[in-house]
Amino acid sequence: MVHALTTTGPPTHTHCPYCALQCAMSVTPSAGDGPATITPEQFPTNRGGLCRKGWTSAGLLDHPDRLTTPLIRVDGHLRPTDWDTALTRVTDGIRRAQASGGPDAVAVFGGGGLTNEKAYTLGKFTRLALGSRLVDYNGRWCMSSAAAGANRSFGLDRGLPFPVTDLDDARAVLLIGANPADTMPPFVQHLDTAAAAGGMVVADPRLSATAHRAVDGGGIHLRLRPGTDAALALGLLHVAVVGGHLDTEYVSARTSGFEDAWAIAANWMPDRTERVTGVSADQLERTVELLAGSRDAGTGAYVLTARGAEQHSRGTDTVGAVIALALALGLPGRTGTGYGTLTGQGNGQGGREHGQKADQLPGYRMITDPAARAHVAAVWGVEPEEIPGPGLSAFELLDALGQPGGPTAMLLHASNPVVSAPDADRVTSRLRSLDTLVVADFVLSETAELADVVLPVPQWAEEEGTLTNLEGRVLRRRRSVTPPEGARDELWIWNELARRLGRRPDRFPTDPRVVFDELARASAGGKADYSAMDWDRLDAGEALFWPCGADTPAGTPRMFLDRFATEDGRARFAVAAVDPPAEDTCADYPLLGTTGRVLSHYQSGAQTRRVPELLSADPEMWVQVHPVVARAVGLDDGGRARVVSRRGAVEALVRCDEDMRTDTLFLPFHYSGAARANLVTLPELDPYSRMPQFKACAVRLEAA
């Protein structure tokens with residue numbers, strides 16, 4: 001049965017289901033079988049704008065592919081069933097796994113699209129109802145290196161430690177590994193002043209839409225070799241110091257560790273940086289002069305990173321090097337200047353704060369901290385020792401599935417690792433090896449197709465809750481349409497599973513407002529303190545940025561103005577030597593492959609590939625490559641190619657682009673089957689964040 005919106009009603013103010021900009025919109029249900037109507041709303045992040053994904057977001061609410069009844073695998077095929085049968089199958093699978101392998105025989109995998117309430121409950125359910133330590137989420141592949149780097153340097157991780165509107169007046173902005181013109185288009189209006197002033201600088205191996213915007217305004221495109229972002233940052237730091245742009249007063253008063261950082265950066269002279277990165281010494285000097293000049297003139301200077309710089313096996317060190325550049329220039333913790341990172345997923349920020357990460361408890365508390373365990377245990381009504389210890393990071397967790405001593409059952413929510421995980425064939429094989437795979441989703445994703453049980457759940461416009469956007473601003477997601485009759489909310493599912501497993505269901509409330517109030521108490525005193533927030537304040541339209549607790553009841557739009565969140569209040573220079581690439585090119589694999597998003601699609605594409613307007617804009621997989629590289633293997637624009645790495649091969653149409661580097665090719669990661677970009681990516685993990693190496697792997701191009 002397809003969901004039909006049968007009644008009209010007033011528009012409901014809510015936020016877009018896609019990226020972390022969380023553009024404001026209204027949803028108006030339609031009469032009859034027509035789709036709901038989306039209307040953009042004025043809001044600081046989007047100012048009445050939406051991208052094409054936001055405009056078409058109602059298309060999935062009544063889509064023919066919508067799941068409206070549970071499915072179970074019978075004789076190798078997924079068949080419709082009722083909820084009692086489906087949950088009995090889930091419960092039996094959990095019991096069977098734990099009877100033979102103990103609590104950790106069941107693993108849980110979450111997602112950055114879950115509301116705060118669901119992210120919180122998922123972590124709590126895993127640890128209390130299942131007794132398992134094995135929970136992590138796909139945000140590990142999005143924000144973990146940025147988070148680790150910010151925590152090392154600032155003592156706290158919030159994507160943007162200032163409102164996005166602070167960028168509006170800045171005349172110099174450096175973006176490293178970020179392409180918001182495609183990934184979050186309404187954000188780009190906040191860069192208008194910098195672009196018009198010729199002060200927009202974009203570091204990207206490609207001449208992306210964002211880099212085009214910079215160049216068109218007289219700014220700079222730093223076309224670096226994939227994987228050399230840390231070297232670039234250290235080269236810029238070298239130029240800043242040698243060129244006399246070091247803010248010595250700020251460094252002395254507000255930071256520590258500069259001398260150690262300089263001992264490393266001193267070796268990154270412009271000519272060496274140019275040889276390694278491909279960015280000219282002149283561009284390095286112009287970039288630093290733009291940032292320092294705008295800082296000195298009081299017209300604003302910011303440094304921003306995103307996944308291009310962070311999704312590497314040494315991404316944490318790269319973030320540390322970029323933060324060191326910002327600290328040397330005296331930017332963080334001041335009004336009108338700063339450093340930040342552009343969070344990707346809709347609730348990528350909130351999703352990593354409240355307990356669905358392997359090493360964290362609610363409030364951004366570390367699970368190994370005895371005081372943190374005691375606080376959360378008191379809120380949960382258990383003894384601290386009842387909370388399991390740290391588990392495995394996302395890829396390590398998936399790689400352990402079905403292996404000796406590993407989990408034999410998994411509950412998977414709001415994620416599609418068959419498409420999104422690195423070394424995707426390997427991960428798919430692990431998922432297939434499970435005795436019981438349970439997937440909760442609203443469409444049959446590529447991962448759900450492998451499941452033993454599929455549970456249909458509501459989607460964004462059908463649920464109540466909160467999300468936290470890239471600024472640390474907590475937002476209300478409001479239910480605007482009725483979910484299909486056969487769908488059940490995840491909070492209900494976890495409550496019902498707890499009851500069936502003989503656990504206390506009252507520990508897992510089904511009312512999201514009740515869950516938020518508990519979440520707020522659990523976060524009290526933590527880095528991400530929500531304890532002074534409640535739904536009444538949010539519904540009244542208050543702009544509440546965390547931390548928002550007993551000492552900061554009005555919230556904290558701008559962080560670090562007085563001190564950083566470290567023990568001594570100083571920001572730390574955390575710079576490491578640049579390591580060799582995790583995988584270098586060779587005669588068999590002479591090119592560097594890098595991946596990213598495109599304007600029309602989002603994440604694994606399970607949603608956007610089902611929206612006709614979005615699919616028609618980018619209907620199939622392609623590889624962007626310099627025409628000289630294509631011709632060398634007998635290919636032209638529009639030809640069919642294979643991109644081959646040591647792990648697998650991707651089939652794609654060739655898009656020739658003379659602006660591409662001749663050592664690099666680009667693959668969007670939204671497609672399925674043999675067109676999955678992650679068939680070739682490298683699962684080498686960052687030692688601190690456990691981020692895989694998505695953004696640089698050795699490949700070759702050949703005719704299909």
Side-chain angles (χ1 to χ4, degrees), residues 87 90-91 94-95 97-99 101-110 114-137 350-392 397 407 409-411 413 465-466 489-531 533-534 549-550:
L87 292 180
V90 175
T91 307
I94 292 171
R95 286 181 173 143
Q98 294 190 329
D104 289 348
V106 180
V108 176
F109 200 85
L114 292 173
T115 62
N116 288 321
E117 294 77 9
K118 292 179 180 179
Y120 170 84
T121 303
L122 185 60
K124 182 182 179 185
F125 174 85
T126 304
R127 293 174 172 117
L128 294 192
L130 299 177
S132 175
R133 65 188 177 91
L134 297 183
V135 58
D136 211 63
Y137 84 128
R352 68 182 184 271
E353 295 168 359
H354 298 302
Q356 65 170 332
K357 284 185 74 175
D359 52 356
Q360 287 181 198
L361 289 171
Y364 225 132
R365 289 180 157 92
M366 298 309 296
I367 201 167
T368 53
D369 178 1
R373 294 172 64 84
H375 174 85
V376 174
V379 174
W380 288 355
V382 300
E383 294 300 318
E385 56 268 22
E386 294 181 60
I387 300 175
L392 300 174
L397 177 57
M410 170 171 270
L411 310 183
H413 299 266
T466 62
D489 192 83
E490 290 95 332
L491 295 178
W492 179 87
I493 292 171
W494 298 323
N495 176 279
E496 181 64 15
L497 286 176
R499 183 185 68 79
R500 288 169 178 253
L501 291 167
R503 305 293 188 257
R504 287 178 48 182
D506 61 295
R507 285 181 170 162
F508 308 100
T510 59
D511 183 341
R513 183 173 186 141
V514 172
V515 176
F516 185 86
D517 290 343
E518 182 183 311
L519 176 162
R521 295 195 303 276
S523 74
K527 290 181 179 180
D529 191 337
Y530 285 37
S531 60
M533 297 186 197
D534 58 46

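Contact annotation: the side chain of Arg507 never approaches that of Trp380 to less than 4.5 Å [non-hydrogen atoms, C-beta and beyond]. Using a 4.5 Å heavy-atom cutoff, the side chains of Pro390 and Thr368 are in contact. In this structure, Pro103 and Leu130 have side chains that are not in contact, with every pair of non-hydrogen atoms separated by 4.5 Å or more. Proximity of Phe125 to Leu497: side-chain heavy atoms (C-beta onward) are separated by under 4.5 Å at one or more points. Leu501 is listed as a side-chain neighbour of Thr91, based on a closest heavy-atom distance under 4.5 Å. A heavy-atom distance below 4.5 Å is found between the side chains of Val382 and Leu128. Taking the side chain as every heavy atom from C-beta outward, Thr115 and Pro512 never approach each other to under 4.5 Å.
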(request) Give the intermediate values and the outcome of salt bridge (charged side-chain N to carboxylate O under 4.0 Å, His left out) for residues Arg133 and Asp104. (result) CA-CA 6 Å; Arg133 65 188 177 91; Asp104 289 348; 2.8 Å; yes
(request) In sequence, state the C-alpha distance, the side-chain angles, and the governing distance for Gln360 and Met366, and then conclude on side chain to side chain contact (heavy atoms under 4.5 Å, CB included). (result) CA-CA 5 Å; Gln360 287 181 198; Met366 298 309 296; 4.0 Å; yes
(message) Val108 vs Met410, test: side chain to side chain contact (heavy atoms under 4.5 Å, CB included). Steps then yes/no.
(response) CA-CA 5 Å; Val108 176; Met410 170 171 270; over 6 Å; no
(message) side chain to side chain contact (heavy atoms under 4.5 Å, CB included), that's the test. Do Asn116 and Tyr530 meet it? Break it down for me.
(response) CA-CA 11 Å; Asn116 288 321; Tyr530 285 37; 4.1 Å; yes
(message) Show, in sequence, the C-alpha distance, side-chain angles and deciding distance for Glu490 and Leu114, and conclude whether the side chain to side chain contact (heavy atoms under 4.5 Å, CB included) test is met.
(response) CA-CA 10 Å; Glu490 290 95 332; Leu114 292 173; 4.1 Å; yes
(message) What verdict does the salt bridge (charged side-chain N to carboxylate O under 4.0 Å, His left out) test give for Glu117 and Arg513, after you've listed the backbone C-alpha separation in whole Å, the side-chain angles of each residue and the deciding distance to 0.1 Å?
(response) CA-CA 8 Å; Glu117 294 77 9; Arg513 183 173 186 141; over 6 Å; no
(message) Does Tyr120 form a side chain to side chain donor-acceptor pair (under 3.5 Å) with Gln356? I'd like the steps, not just the answer.
(response) CA-CA 7 Å; Tyr120 170 84; Gln356 65 170 332; over 6 Å; no
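Atom OG of Ser531 is separated from atom CZ of Arg521 by 11.0 Å, given to the nearest 0.5 angstrom. How far CE of Met533 is from CZ of Phe516: 6.0 Å, rounded to the nearest 0.5 Å. Rounding to the nearest 0.5 Å places CH2 of Trp492 at 15.0 Å from CZ of Phe508. The line from CD1 of Ile94 to OG of Ser132 is 10.0 Å long, rounded to the nearest 0.5 Å. Atom CG of Leu491 sits about 10.0 Å away from atom CG of Leu122, to the nearest 0.5 Å.
For the pair Arg373 (side chain) and Ile367 (backbone), a donor-acceptor distance under 3.5 Å is present. Judged purely by atom type and a 3.5 angstrom limit, Arg503 has no side-chain atom pairing as donor or acceptor with the backbone of Ala498. Looking at Arg499, its side chain never comes within 3.5 Å of a backbone N or O of Pro505 through a donor-acceptor pair. Between the side chain of Arg365 and the main chain of His354, no donor-acceptor pair closer than 3.5 Å is present. Between the side chain of His375 and the backbone N or O of Ala522, at least one donor-acceptor pair lies under 3.5 Å. A donor-acceptor pair under 3.5 Å is absent between the side-chain atoms of Gln98 and the main chain of Val106, judged by distance alone. In this structure, the side chain of Glu518 does not engage the main chain of Val515 through any donor-acceptor pair within 3.5 Å. Side chain of Thr121 to backbone of Lys118: no donor-acceptor contact under 3.5 angstrom is found.
Ring to ring, Trp494 and His413 are close: their centroids are under 6.0 angstrom apart.
Using modelled atom types, one finds no donor on one side chain facing an acceptor on the other under 3.5 Å when comparing Thr510 with Asn495.
Look at Glu353 and Lys527 and you find no salt bridge, because none of the NZ, NE, NH1 or NH2 atoms lies under 4.0 Å from a carboxylate O.
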